[in-house]
Number of protein chains: 2
Amino acid sequence: MTASPRPTMADVAAAAGVSKALVSIVIRGAVGASLATRERVLNTARELGYRPDTRARLLRSTRSRLLGVVFNVTEPYHAELVELLYEAGEAAGYGVTLSAAGPRRSEQRAVESLLDLGAEALVLIAPSTPAAGLAQLPLPVISMLRPVRGDAAGSVSSDEDAGIRLAMDHLRGLGHSRIAHIDGGTAVGSAARRQSYFSHMADTGLAAGASVFTGGNTEADGSRAARELLDAAGRPGCAARPSAVVVFNDRCALGVLDVLGKAGLSVPRDISVVGYDNSRLARLEHINLTSIGQNGPELAAAAVRAAAARLGGGAAEHLLVPPFLEIGGTTAAPAGSS
Amino acid sequence: MTASPRPTMADVAAAAGVSKALVSIVIRGAVGASLATRERVLNTARELGYRPDTRARLLRSTRSRLLGVVFNVTEPYHAELVELLYEAGEAAGYGVTLSAAGPRRSEQRAVESLLDLGAEALVLIAPSTPAAGLAQLPLPVISMLRPVRGDAAGSVSSDEDAGIRLAMDHLRGLGHSRIAHIDGGTAVGSAARRQSYFSHMADTGLAAGASVFTGGNTEADGSRAARELLDAAGRPGCAARPSAVVVFNDRCALGVLDVLGKAGLSVPRDISVVGYDNSRLARLEHINLTSIGQNGPELAAAAVRAAAARLGGGAAEHLLVPPFLEIGGTTAAPAGSS
DNA sequence: CACATCTTCTAGATCGATCTAGAAGATTTC
DNA sequence: GAAATCTTCTAGATCGATCTAGAAGATGTG
């Protein structure tokens, strides 16, 4: 609470006996200062405890070098990306400012506050604003985790098709062939993952054995779907119970695990389960779900690169980052195999 | 991407035929403008699509009315508070800017970036910086979720003692008397909660039956503690198995539930379990843990009030906000009772 | 009507940096 | 040695708002 006024560039200039323009040059690391004075100025700046004032810098400079990031507070995974974006942004010479969206604060509000702050480009994590809306923003926009077509905005997302394939190849490798899918119902991305499931089943000659149950985003959806799956297997004339299930996401998979366990089935001995998201939930020790994870560091780095490229005048890029498979304790070879 | 330059205050002034000082007065809602012109200026501002530039405002004004918030990206609950702080801050006429701390970005770094941005006061959620460090910051600081003594910083936290009492009163009300505690081991806050447990047991004449097991922050800690609890109950000469357990936090409680279930005990029929935090985890439908929750909206509002009061010259306040009890499916009357 | 008071409005300085244009000195070129 | 070029540095304008001091006009008062 000591109110000693913070030193300004003029203070440093006076103390070092140079003009403030020169101090500015040195602090920014721009060309036009000799090595000797550069060092002298940096030293006096350090002695005075000088730190450039972001407000003034932002106001004057044509290139604010500020990256605005909008994330959703209700999504735990966004928080992880936020930290990685700080890192990637700062490594690329950008400052990063956050603005949170959520049930009580609209995405538009979040975007506006970043605009008013002078952000040079925006990274929106899983934006709900339609592409047309993004196109109207007066600066380059990168959509993360939600692919966008066309030139409205760049996009950087995880390759979902590759993710489903990773899951299925893993199960195939273990010896499974009766692989079912519990989808996300009407959730965003559910249709694409279901499509990937079908196409992979077809590619490996298992198209006839494909079976999909309607799940959803929540544990309740997963539980419901799992009960349906068990019922179907018990009905005469139906295919035998699948030996493995690929589930839309981790939360839904949790409901599936719960029902399977209560039905007396042992996972993974009787049936293998793969989730999607590799969330904190999946990594809880007593759950330890095999799951597909997004490559966060690469996603963040790609988003920053895409933003920088767009600022440099490039066209909107659309990147897909390959996900990875985290093998947990819910997958194993099927009971029948050696 | 259309680069139409954004209108400034001067543009609005020219269009409305007044001075920019007057526009400033109107936009800020300051006194000194007639109702008629006020309306006229606001109308032309709206027509031009004028939005004040935060950078310039921040730079010039003595009172930036900007609240800096530091939160930890790895803590899901912080995200919830962040959104509530936006709401509470904006309701009180403050802008809110975030800065994330985390394993890869130090709290100090987060604080510095807010200082450079011109924040007027800081709200640190569960800061790791010691009180002495907080005292050195050149602006009012409010520590949330971590009580701080003395005048170094204001603090707003949940009343943990009241929380433990809520849990115990709930169990007592159901008819439990053999109530054990699984603590947080060396985790922050564990000692205080353990102390509350003891003092409440004493207050209700149950001091002799008090028993504490060493838990911790994670499910593994909870599992270990639960096994110990079951072992102790089986040993000759030891007290009977408790009919209820109050656990340090939800994560730890999850491990407890897991072990109890695997040991063939039914929760809540054979034993009741109460967690702490009322986290998303606890609210998962198939877990549905009875838990103590923090009153987030009230915490946020209190933090903003405390910051404003401090800015107004008041001394550092230290507030305790009462938590609430969320009754789930893991508590019931003990088996023996009617 | 003269004077004080209040309301409404404006000119211009200011915040702390960046940026442009150009001066001063050192170095190269012919 | 004069001209050209390069390096190093500086004065002063500028970004878009806020804020101070004071002008102009309306209203009240004796």
Side-chain angles (χ1 to χ4, degrees), chain A residues 3 5-42 44-45 48-66 93 95 113 115-120 138, chain B residues 3 5-42 44-45 48-66 93 95 113 115-120 138:
Chain A
R6 156 175 187 152
T8 77
M9 200 163 255
D11 296 332
V12 176
V18 297
S19 73
K20 65 195 178 85
L22 185 56
V23 177
S24 172
I25 289 173
V26 171
I27 295 294
R28 276 177 296 147
V31 291
S34 73
L35 219 76
T37 45
R38 205 172 278 275
E39 194 149 335
R40 191 157 48 91
V41 168
L42 283 177
T44 52
L48 294 184
Y50 169 77
R51 295 178 52 82
D53 187 305
T54 309
R55 298 169 291 182
R57 193 205 284 268
L58 246 39
L59 177 56
R60 183 58 231 261
S61 64
T62 36
R63 299 221 32 199
S64 69
R65 297 205 72 86
L66 187 69
S113 82
L115 247 45
D116 296 348
L117 244 162
E120 204 173 46
Chain B
R6 157 177 184 149
T8 75
M9 199 163 254
D11 295 331
V12 177
V18 297
S19 73
K20 65 194 176 86
L22 185 57
V23 177
S24 174
I25 288 174
V26 171
I27 296 293
R28 277 177 296 149
V31 291
S34 73
L35 219 76
T37 45
R38 204 173 279 274
E39 193 149 334
R40 190 157 49 91
V41 168
L42 283 177
T44 52
L48 294 184
Y50 169 76
R51 296 179 50 81
D53 186 306
T54 309
R55 300 170 290 182
R57 193 205 285 266
L58 247 37
L59 177 57
R60 183 57 233 258
S61 64
T62 36
R63 299 223 31 201
S64 70
R65 298 205 72 86
L66 187 69
S113 81
L115 247 45
D116 295 347
L117 244 161
E120 204 174 46

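A, B, ... follow the sequence lines: proteins, then strands. Residue 1 opens every chain.
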Proximity to the side chain of Leu59(A) - top-ranked nucleotide from dG16(D), dT10(C), dC9(D): dG16(D)
Has Thr8(A) got a side-chain N or O lying under 4.0 Å from the OP1 or OP2 atom of dC15(C)? no
Leu22(B) CG to dT8(C) P, in whole Å, measures 10 Å
Could you tell me whether the phosphate oxygens of dT18(D), OP1 or OP2, come under 4.0 Å of any side-chain nitrogen or oxygen in Ser24(B)? yes
Given Val26(B), which of Met9(B), Arg38(B), Arg40(B), Glu39(B) fulfils the side chain to side chain contact (heavy atoms under 4.5 Å, CB included) condition? Arg38(B)
Would you mind telling me which of dT18(D), dC15(C), dA11(C) lies closest to the side-chain atoms of Ser19(B)? dA11(C)
Does dC19(C) have its OP1 or OP2 closer than 4.0 Å to a side-chain nitrogen or oxygen of Thr62(A)? yes
Sugar-phosphate only, base, or nothing, as touched by Val31(B) at under 4.0 Å among non-hydrogen atoms: nothing
In whole angstrom, what separates Ile25(A)'s CD1 from dA11(D)'s C1'? 13 Å
How many whole angstroms separate atom CZ of Arg60(A) from atom C1' of dT18(C)? 5 Å
Here's a test of your reading of the structure: between Pro7(A) and Ser34(B), which maps to the more 5' nucleotide of DNA chain C? Ser34(B)
Send over the distance from Arg63(A) CZ to dC15(D) C1', rounded to a whole Å. 17 Å
Arg57(B)/Asp116(A) under side chain to side chain contact (heavy atoms under 4.5 Å, CB included): CA gap, chis, key distance, verdict: CA-CA 10 Å; Arg57(B) 193 205 285 266; Asp116(A) 296 348; over 6 Å; no
Test item: Thr44(B) side-chain N/O and Ala16(B) main-chain N/O as donor-acceptor pair under 3.5 Å: no
Indicate the atoms forming the closest heavy-atom contact of Asp11(A) with Thr8(A), along with that distance. OD2-N, 2.9 Å
For Ala10(B) and for Ala33(A), find the nucleotide of DNA chain D with the closest heavy atom, then tell me which residue's nucleotide is more 5'. Ala33(A)
Among dA17(D), dA11(D), dT18(C), the one nearest Ala21(A) by side-chain distance: dA11(D)
Minimum-distance nucleotide (side-chain atoms of Lys20(A) versus dC9(C), dT18(C), dC9(D)): dT18(C)
Can you tell me if the side-chain N/O atoms of Ser61(A) get under 4.0 Å from OP1 or OP2 in dC15(D)? no
Can you tell me the distance, in whole Å, between the CZ atom of Arg40(A) and the C1' atom of dC9(D)? 11 Å
Describe the nucleic acid contact of Thr54(B) in one word from base, sugar-phosphate, nothing, applying a heavy-atom distance below 4.0 Å. nothing
From CG of Leu48(B) over to P of dG16(D), roughly how many Å is that when rounded to an integer? 15 Å
Could you give the distance from CZ (Arg65(B)) to OG1 (Thr54(B)), rounded to the nearest 0.5 Å? 14.0 Å
Value in whole Å for how far the C1' atom of dC19(C) lies from CZ of Arg28(A): 7 Å
Round to the nearest Å and state the distance from Tyr50(A) atom OH to dG16(C) atom C1'. 8 Å
Gap between atom CZ of Arg60(A) and atom CG of Leu59(B) - 0.5 Å precision: 12.5 Å
Verify the contact: side-chain N or O of Arg57(A) to OP1 or OP2 of dT18(C), cut-off strictly under 4.0 Å; return yes or no. yes
